[in-house]
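Only one structure is covered here, and it is reproduced in the block below.
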There are 2 protein chains.
Amino acid sequence: MAGRPRKAEPEAALVAAMNAFWQKGYESTSMSDLTEATGLHKASLYQTFGDKHQLFVSALKLYFKKSSKAQKESRNGEENPINAIRNSVDTTINQCAEGKGCLAVNSLIEVAPFDAEIDRILKQFRQHLDKHLAGLVDEAKSVKLVSGSVDTKEAVRMISIFLHGLSANMAAGMSANKARALLHGQLDLVLTLRKKSHRS
Amino acid sequence: MAGRPRKAEPEAALVAAMNAFWQKGYESTSMSDLTEATGLHKASLYQTFGDKHQLFVSALKLYFKKSSKAQKESRNGEENPINAIRNSVDTTINQCAEGKGCLAVNSLIEVAPFDAEIDRILKQFRQHLDKHLAGLVDEAKSVKLVSGSVDTKEAVRMISIFLHGLSANMAAGMSANKARALLHGQLDLVLTLRKKSHRS
DNA sequence: CGAGAAAATTGCCAATCGATAATTTAACAA
DNA sequence: TTGTTAAATTATCGATTGGCAATTTTCTCG
C-alpha cells in the first residue's frame, strides 16, 4: 500500500521558501531560487505545494502562524498591561529583519494590489493583530494606566500605521534598535504616557 | 546636418513609463508593458533612455522633481507655519494614489535592498523632504506655534515614518481622505497641538 | 521475493524576458 | 535632386521564466 517515504519534512521546505519570498519578494523569487532555497527539485515543489502562487499563499500563512504564536508568547506572564503592549510591539519589530522588513508589509505593497486572495489574507492578519493590541490597550485603560479618554481603535490604528512605516524603513536598512526606540516614542504619544517611561 | 526629428516628446514617454513603474513595480513591469504605456517601440526606448534600469532611474528622478515642485508650491503664500506644515504633508499624501501608494516607498521596499544606486537616490530624496519639513517646524517653533521643547529632528522623523506607513496602506486601498485624517492626528501628537485644530 | 505505490528526479516545453543588429523612413542641407 | 543624418521600425537573439509529462528510485506490503 504505502509508497516511498519523504526524505525531508515539507514544513522545513516551506520555511525555506518563506524566507526566500521574504528576502526577494514574490515576483523576483524564481522557481529556480526556490529550488535552491528548499533543496527540493522543481517538480517536487509543484507536487508538494502546487504552483508558485499556492506556495506563496502557504508561505504567507506560515508567516502569520509564527507571528501569531510569537504574539501570544510575548506576554509571557507580564502583568503590567503597558509592558505587555511594549512586549507585543517589540515582538512585531522582531518579526521584521534589517534589510528585509516584514513579509506582510512587503507583500501588501508588492502583491496585494493585484491579488485579491493575498489581499484578503493580509487584511485578515492585520485585523488579527489589531484586535490583539486593542485588547491590551483596553486592559491598560481598565486599570487606569491609560486614560479612558484614549480611543482604543484610533490608538491602535496610529500604532499600526507607524509599524508599517517602520517595516518599510527597516527594509531599507534601519536597525531594529532604532525602530524600537521610535516605536516606543510613538506609544508614549498615542497612549499619552509620560516620556521615557519605558519598562517599569 | 540634422536628421529625422522626433515625433513625440521624450518627456511625455518618461511620464508614462513612471506611471507604469508606479502601478506595477519595477520587476513586474516588462519592456512590453513599457512600450504599451509609452507608445514607443522597444528599440526606441533603449535608444532614448538606455536599458530598463536606466529608464527606471530616470523615472524615479522625474518623480522626485515633480514631488519637490509640488512641495514648494504647497506653501503658496500661506503665512501660518502650522498650516504650511499641513499643506506640505497633504501634498505628500496627494502624491500617493489609492491602490498604488507612493513610488518612492514602493521602490524603497522592492528595489532599494538590492540596488545601491536606487537606494542612494531614495535616501537623498528622503533627506530633502525631511529638511523641508524641518524648516517649517523650526519656523513654527520660532513664532511659538509649536513648543520649543519639541525636538525638530525627532518630530520630523516621527512624521516621516508615519507617512511611510500611510503609503503602504494606501497601496492596499486606504483612501486619501482617511490617510489625511490620520496624518493630521499624528501631527497633533508629534507637535503637541490641541486636537481638532486642523486649519485656522 | 516480487508487485504496487508514492516520492524523487530527469528532461523538456511554450512563452516571455531584456536586449540589439539590421533595416527602413523621414527630415534638412548642399 | 541627392547625400547625410538620425529617428523609427522590424526582426531576431540567447537566456530565463513558470510549469509538467515521463521516468527512475525507493520504500511497504502481500
Side-chain angles (χ1 to χ4, degrees), chain A residues 1-60 106-107 110-112 114-118, chain B residues 1-60 106-107 110-112 114-118:
Chain A
M1 289 290 187
R4 178 179 177 176
R6 270 192 282 270
K7 75 156 62 161
E9 287 293 320
E11 172 93 6
L14 190 54
V15 170
M18 180 190 77
N19 286 328
F21 282 127
W22 194 352
Q23 196 159 53
K24 302 189 62 177
Y26 178 67
E27 290 284 348
S28 294
T29 303
S30 66
M31 291 307 297
S32 166
D33 290 328
L34 292 167
T35 61
E36 192 179 344
T38 60
L40 270 63
H41 286 240
K42 211 187 314 189
S44 295
L45 282 175
Y46 278 92
Q47 186 178 329
T48 310
F49 300 105
D51 63 16
K52 186 186 175 186
H53 186 266
Q54 290 176 290
L55 175 54
F56 182 63
V57 168
S58 298
L60 256 191
N106 297 355
S107 304
E110 190 201 341
V111 1
F114 317 104
D115 191 319
E117 183 179 7
I118 301 296
Chain B
M1 287 290 187
R4 178 177 177 176
R6 268 191 282 271
K7 74 156 58 163
E9 287 293 319
E11 172 92 5
L14 189 55
V15 170
M18 179 190 77
N19 286 327
F21 282 127
W22 195 351
Q23 196 159 55
K24 303 189 64 177
Y26 177 67
E27 289 285 348
S28 295
T29 302
S30 66
M31 290 308 295
S32 165
D33 290 329
L34 291 167
T35 60
E36 193 179 342
T38 60
L40 270 63
H41 285 238
K42 208 188 309 190
S44 296
L45 282 176
Y46 278 93
Q47 187 179 329
T48 310
F49 300 104
D51 63 16
K52 187 187 174 185
H53 186 266
Q54 292 175 292
L55 175 54
F56 182 64
V57 169
S58 298
L60 255 191
N106 297 355
S107 304
E110 191 200 340
V111 1
F114 316 104
D115 189 320
E117 182 179 8
I118 301 295

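Below, chain A is the first sequence line, B the second, and so on; all start at residue 1. Treat the numbers as computed from the prediction; the structure is a model and nothing was measured.
- Below 30°, between 30° and 60°, or above 60°: for Y26(B) and F56(B) the angle between ring planes is between 30° and 60°, a tilted geometry.
- Taking atom CG of L45(A) as the reference point, atom C1' of dG18(D) lies 12 Å away to the nearest angstrom.
- Taken to the nearest 0.5 Å, the CG atom of L60(B) stands 9.5 Å off from the CD atom of E117(B).
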Where do N or O atoms of nucleotides 16-19 of chain C meet protein N or O atoms at under 3.5 Å, pair by pair?
residue	atom	partner	partner atom	Å
dC17(C)	OP1	S30(B)	OG	3.4
dG18(C)	OP1	K52(B)	NZ	2.9
dG18(C)	OP2	M31(B)	N	2.8
dA19(C)	OP2	Y46(B)	OH	2.9
dA19(C)	OP2	K52(B)	N	3.1
dA19(C)	O5'	Y46(B)	OH	3.3
dA19(C)	N6	K42(B)	NZ	2.7

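- For F49(B), the ring pair (Phe, Tyr, Trp, His ring centres under 6.0 Å) test picks out no residue, with sequence neighbours left out.
- In this view, S32(A) and S30(A) satisfy the side-chain contact (heavy atoms from CB on, under 4.5 Å) rule, not counting sequence neighbours.
- We find that CG of L55(A) is positioned 14 Å from P of dC20(D), with the value rounded to whole Å.
- Spacing between atom CD of E36(A) and atom P of dG18(D) amounts to 14 Å, rounded to whole angstrom units.
- Considering all non-hydrogen atoms of both residues, L34(B) and A20(B) come closest at CD2-CB, 4.0 Å.
- One atom, CG of L40(B), and another, P of dT20(C), lie 17 Å apart when rounded to the nearest Å.
- Remark: S28(B) pairs with E27(A), K24(B) by the side-chain contact (heavy atoms from CB on, under 4.5 Å) rule, at least two apart or across chains.
- Counting heavy atoms from C-beta outward, L55(B) and L14(B) have side chains that approach closer than 4.5 Å.
- At least one side-chain nitrogen or oxygen of H41(A) sits closer than 4.0 Å to the OP1 or OP2 atom of dT9(C).
- Over its length, the helix from dC1(C)-dG30(D) to dA30(C)-dT1(D) turns its helix axis by 10°, as judged from the five terminal pairs at each end, rounded to 10°.
- At the phosphate of dA7(D), OP1 or OP2 sits under 4.0 Å from a side-chain N or O atom of Q47(B).
- The list of side chain to side chain donor-acceptor pair (under 3.5 Å) pairs with a residue in residues 35-53 of chain A, not counting sequence neighbours, reads H53(A)-D115(A).
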